[in-house]
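Here is the naming used below: chain letters follow the sequence lines, and residue numbers restart at 1 for every chain. The analysis underlying the following values was restricted to heavy atoms, covering all of them including side chains, and did not include hydrogens, waters or symmetry mates.
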There are 2 protein chains.
Amino acid sequence: MDRKLVDVAKLADVSPATVSRVLNNSSLVTKKTAERVLQAIEELNYHPNAAAKHLRSQRTRTIGVIIQDINIAYFAEIIKGIQNTAYALNYKVIVCDSDNKPEKEQDYLGLLKNRTVDALILVSSTLRDELLTELADNGHKIGLIGRSIDHDSIPCCLTDNVKFSTDVIRHFLDQGHRHIAYINGYPEIVDSYERLEGYMKALKERRIPFFPELIECGDFSEEGGYSATKRLLRKNIPFTAVYAANDEMALGVLKACREMGISIPEQLAIVGVDNNRITEYVTPSLSTVNQPKFQLGALLTEKIIAQLGDEPDKGPRIITVESELIVRESSSYVHSSR
Amino acid sequence: MDRKLVDVAKLADVSPATVSRVLNNSSLVTKKTAERVLQAIEELNYHPNAAAKHLRSQRTRTIGVIIQDINIAYFAEIIKGIQNTAYALNYKVIVCDSDNKPEKEQDYLGLLKNRTVDALILVSSTLRDELLTELADNGHKIGLIGRSIDHDSIPCCLTDNVKFSTDVIRHFLDQGHRHIAYINGYPEIVDSYERLEGYMKALKERRIPFFPELIECGDFSEEGGYSATKRLLRKNIPFTAVYAANDEMALGVLKACREMGISIPEQLAIVGVDNNRITEYVTPSLSTVNQPKFQLGALLTEKIIAQLGDEPDKGPRIITVESELIVRESSSYVHSSR
DNA sequence: GTGAAAGCGCTAACAA
DNA sequence: TTGTTAGCGCTTTCAC
C-alpha cells in the first residue's frame, strides 16, 4: 500500500538520491527537477517512512519527558511548554508518567539507551546525581527541570527556590508573624531543601528565632499537607502562619483548618507554591508563588534541541526563570499587635 | 560507542539470529545458549536499537494521542489512562496538543501516515467523519474517545451523553425547577448535541414546556460559560437552573452569578459535567457528572493495542462507560413552592 | 546537478 | 536448535 522513495524516483525519472535531496531541501537540486519530484510525491501520496529515516540518520527528532503525575497541574503545564516548543521545531514528545514510582522512572531511561528518543527531560527527578552524570558521560542527552546538577552537558531550567521562599517569609514577617511553620515536600527533592533554606535565610536576616518544631515533612500531596498540619497543631506550639512547599499541601492545610475551625487568614495565614489554578477558586483564595511552568518547559526544550543540532550552544547551561509571590486572601490579614 | 547485535553475537559465539531470538524470547533457543547470549549482552551493556527494530518489524509500538489542551484536567486524565495502559503493554505514547487549532490536529495525522505511530487516538476530535473514514480505509489505525463514528475498524470509547444529561434534568425537575437553561459547548462536537438531546428528552417525558431562548452556546471554556450566562440574564426570561455542558462553563456561570449577586443554589441551581477537581473546592461546590476519564483512556488503549496485535478482536467496537451525577451544594436547594 | 551503491541495525525465511 | 542471508526504506559519500 505504502509508496516508497524509489517509487517516487521512478515516476519522476530521477535517482532515489535526488528524491531524498528534495525531501530534505537540499539546495543542490534544480528547480525543475524538484518540481517533477514534488509532483510525483503528490501523485503517489508518498510519505517518507519515519523508521527508515531514523535508522539511517541516527536521530528520531523525539524527546521524552518523565514526570511524576500528569494529573498534577504543575507537570501538565510543563509538558505543554515542552510539547509546544517541540512542535514548533518539528520534534515529537513521548510522555512518561512515573506515577511517583522510582522504578518506573528508571525504566523509562531505556528510551534513551535504545535510542527511541534523542533526549530525555527529567522533571523534578529524584534520580541520584551519579546516575544522571553517568548517563551524560555515556553520550546520552538529558535535561533537568526544577533541579540542577553539576555537569557540563546537562542543561537545567529552574526557579530560584531560595529567593522566592525568602520573599514568602519576609511577607509573613512584614505582617507581624513571628511563629511561622514550614511544611516540606519530599526530602529527597532539592526544592524542598532550598525552600527551607529560603525560610531560614529570611528569619536570619531579621533576627527572628527559629523553632525546629515548626518544620514538618509532607510529600507534596494534599493529604500530606493535611496530616502535617494536624501534627503541627498537636504540638501545642503556637504559630500564626504556614508556608507550604507547594499548593497541594497548602490545600491540605486549608482542609485541616476548616475541620478544626481555624479561621484563615485571621488565625492562620497560608502561602503555597506553584500557582495551581485551584488556589484562585478556593475560599479563601490561597496566596502562592507563581512558577512559570510553561516557560520552564519551553526554555529547556529550546535549549536541548539546539544542543542536539549543530548550532553552537550559546547562553548559560543553567537557566533561571523568575517566579513571584502572589498575595491572595489567605495571607492578607495584618497582625499589627504582634 | 553503542554496541550492536553482531557484537553480542561474536562475543557469545553465536549467530545474529540467535541473539535476536533470545531478545525476543523465542522458545527455540537452548537455555545454555540463551544464558551465554544474555551474559554477552550484559557484558557489552547492549541495548537493541529501536529504529532498526521499527524499520524491520514495521511497527513502532508507539501510539499518538491528539488532545485539545493538556492543561484541561479532562484531557490530562485521559492521557494518564492511555499512558498507564500503554506502559503496561510496553507501548510508548506521543502526546499531541492541538491547542484547539484544527490545523494542528490535521498536521498530527502525519504521524500516522509516516508510520511514526502504529495508531492514533483522537480525543473529542472535530475532524470530519469522511476524513476519519478515509484514514481507516487506507489502513491507518485510529480510535476515538468521547465520540463515535460508523466504521467497522474504528474503536470508540465514550459515555452516554444522552443518558446522563437526562439524569441531570430529571434531578432539576425533581427539585421543582421548571425553567432550566442549557449552555452548550462547541456546536461541532457531538457531545454538545447529545447533551442537548438528553435535556430535551427529560423535558418531554415530564411534559415540561421547552423554551428555546434558554439554550445558549458556549465554547467549553470558563469565559464562554460566563458570557453565555450574561446573555441569558439579559433576556429577562426567568430561569432557576442551569445545565452547563462542562465544568469549565459551570465555573463561568458561578463567576457571573457572583458578580450579579445571584445566590447559588437558592436563586439558581447549577450542574456541570466532567467532575473536574475544582468543582469540589469551589464555594458553593458544584454538582457535576463524573466522567470516568482514566477509564476512557485505558479501555480504548487496551482495545486498540489488542487490535494492533494478532489477538482476535473480541468485545464491542463501541465501549460505553458509565458516568454518574454527583450532587453537591450548587443544586441542593429544593424549591418546594414551584 | 545527478546517480550508483553502500549500509544504518535488526528480523525472519530458509537452510542445515 | 542454530546459522546464512536478504532486505526493511532511507541518506550519503563518492563518482561522474
Colleague: Among Thr301(A), Ile63(A), Thr62(A), exactly one meets side-chain contact (heavy atoms from CB on, under 4.5 Å) together with Val93(A). Which residue is that?
Modeller: Ile63(A)

Colleague: Given axes from five pairs at either end, by how many degrees does the helix from dG1(C)-dC16(D) to dA16(C)-dT1(D) bend, rounded to 10°?
Modeller: 30°

Colleague: Atom CG of Asp7(A) and atom C1' of dC10(D): how far apart are they, to the nearest Å?
Modeller: 13 Å

Colleague: Just compare dC10(D), dT2(D), dT4(D) and give me whichever is closest to any side-chain atom of Thr30(B).
Modeller: dT2(D)

Colleague: List for me each residue that meets ring-ring contact (aromatic ring centres under 6.0 Å, His included) alongside Phe294(B), sequence neighbours excluded, and say none if there are none.
Modeller: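 Partners of Phe294(B) under the ring-ring contact (aromatic ring centres under 6.0 Å, His included) test: none.
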
Colleague: Mind calculating the distance between CG (Leu23(B)) and P (dG9(C)) to the nearest angstrom?
Modeller: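 Rounded to whole Å, this separation is 15 Å.
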
Colleague: Is there side-chain contact between Thr18(B) and Ser15(B), with at least one heavy-atom pair below 4.5 Å?
Modeller: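 With C-beta onward as the side chain, the pair touches.
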
Colleague: Does Thr33(A) have a side-chain nitrogen or oxygen under 4.0 Å from the phosphate oxygens OP1 or OP2 of dT2(C)?
Modeller: yes

Colleague: Between Asp107(A) and Lys101(A), is there a side-chain N and carboxylate O pair less than 4.0 Å apart?
Modeller: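 Salt bridge between Asp107(A) and Lys101(A), a charged N being under 4.0 Å from a carboxylate O: no.
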
Colleague: Can you figure out which of dT2(C), dA13(C), dG3(C) approaches the side chain of Val29(A) most closely?
Modeller: dT2(C)

Colleague: Answer yes when Asp2(B) and Lys113(A) have at least one side-chain N-carboxylate O distance shorter than 4.0 Å, and no when they do not.
Modeller: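 Here Asp2(B) does not pair with Lys113(A) in a salt bridge, since their nearest N and O are not under 4.0 Å apart.
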
Colleague: Roughly, in whole Å, what's the span from CG in Leu44(A) to P in dG9(D)?
Modeller: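 The distance from CG of Leu44(A) to P of dG9(D) comes to 14 Å, rounded to the nearest Å.
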
Colleague: Quick check on side-chain contact (heavy atoms from CB on, under 4.5 Å): which of Ile66(B), Thr60(B), Ile94(B) does Leu111(B) satisfy it with?
Modeller: Ile94(B)

Colleague: Can you give me the N/O atom pairs linking the protein to nucleotides 14-16 of chain D at distances under 3.5 Å, or say none if there are none?
Modeller:
none

Colleague: Any chance you could measure Leu308(A), atom CG, to Lys141(A), atom NZ, to the nearest 0.5 Å?
Modeller: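 Answer for the CG-NZ pair, Leu308(A) versus Lys141(A), is 7.0 Å.
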
Colleague: Could you tell me whether Lys92(B) and Asp118(B) have a side-chain N and a carboxylate O separated by less than 4.0 Å?
Modeller: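 Here Lys92(B) does not pair with Asp118(B) in a salt bridge, since their nearest N and O are not under 4.0 Å apart.
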
Colleague: So which protein N/O to nucleotides 6-8 of chain C N/O distances come out below 3.5 Å?
Modeller:
residue : atom : partner  : partner atom : Å
dG7(C)  : N2   : Arg56(A) : NH1          : 2.9
dC8(C)  : O3'  : Gln58(A) : NE2          : 3.2

Colleague: What nucleic acid atoms does Val19(A) come within less than 4.0 Å of, heavy atoms only: base, sugar-phosphate, or nothing?
Modeller: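 No contact at all - Val19(A) keeps every heavy atom at 4.0 Å or more from the nucleic acid.
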
Colleague: What is the distance from CZ of Arg115(B) to P of dC10(D), rounded to the nearest Å?
Modeller: 12 Å

Colleague: To the closest 0.5 Å, what do you measure between CD1 (Ile70(A)) and CG (Asp99(A))?
Modeller: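 The distance works out to 11.0 Å.
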
Colleague: Write down the distance between NZ (Lys113(A)) and P (dG9(C)), rounded to a whole number of angstrom.
Modeller: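 From Lys113(A) NZ to dG9(C) P: 19 Å.
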
Colleague: If I take atom CG in residue Asp2(B) and atom P in nucleotide dG9(C), what distance separates them, rounded to the nearest angstrom?
Modeller: 8 Å

Colleague: What residues, two or more places apart in sequence or in another chain, satisfy ring-ring contact (aromatic ring centres under 6.0 Å, His included) together with Tyr108(B)?
Modeller: Tyr87(A)

Colleague: Could you check Leu135(B), Leu122(B), Leu144(B) and say which one makes a side-chain contact (heavy atoms from CB on, under 4.5 Å) with Ile154(B)?
Modeller: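 Result for side-chain contact (heavy atoms from CB on, under 4.5 Å) with Ile154(B): Leu144(B).
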
Colleague: To the nearest Å, give me how far apart NE2 (His54(B)) and P (dC10(D)) are.
Modeller: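 It works out to 16 Å between those atoms.
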
Colleague: Taking only residues two or more places apart in sequence or in another chain, which ones pass side-chain hydrogen bond (donor to acceptor under 3.5 Å, both in side chains) with Asp97(A)?
Modeller: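 Partners of Asp97(A) by the side-chain hydrogen bond (donor to acceptor under 3.5 Å, both in side chains) criterion, ordered by chain and then number, come out as Lys80(B).
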
Colleague: Using atom NZ of Lys10(A) as one end and atom P of dA4(C) as the other, report the distance to the nearest whole Å.
Modeller: 12 Å

Colleague: In terms of side-chain heavy atoms of Thr18(A), which of dA4(C), dT2(C), dC10(D) is nearest?
Modeller: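 Closest nucleotide among those given: dT2(C).
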
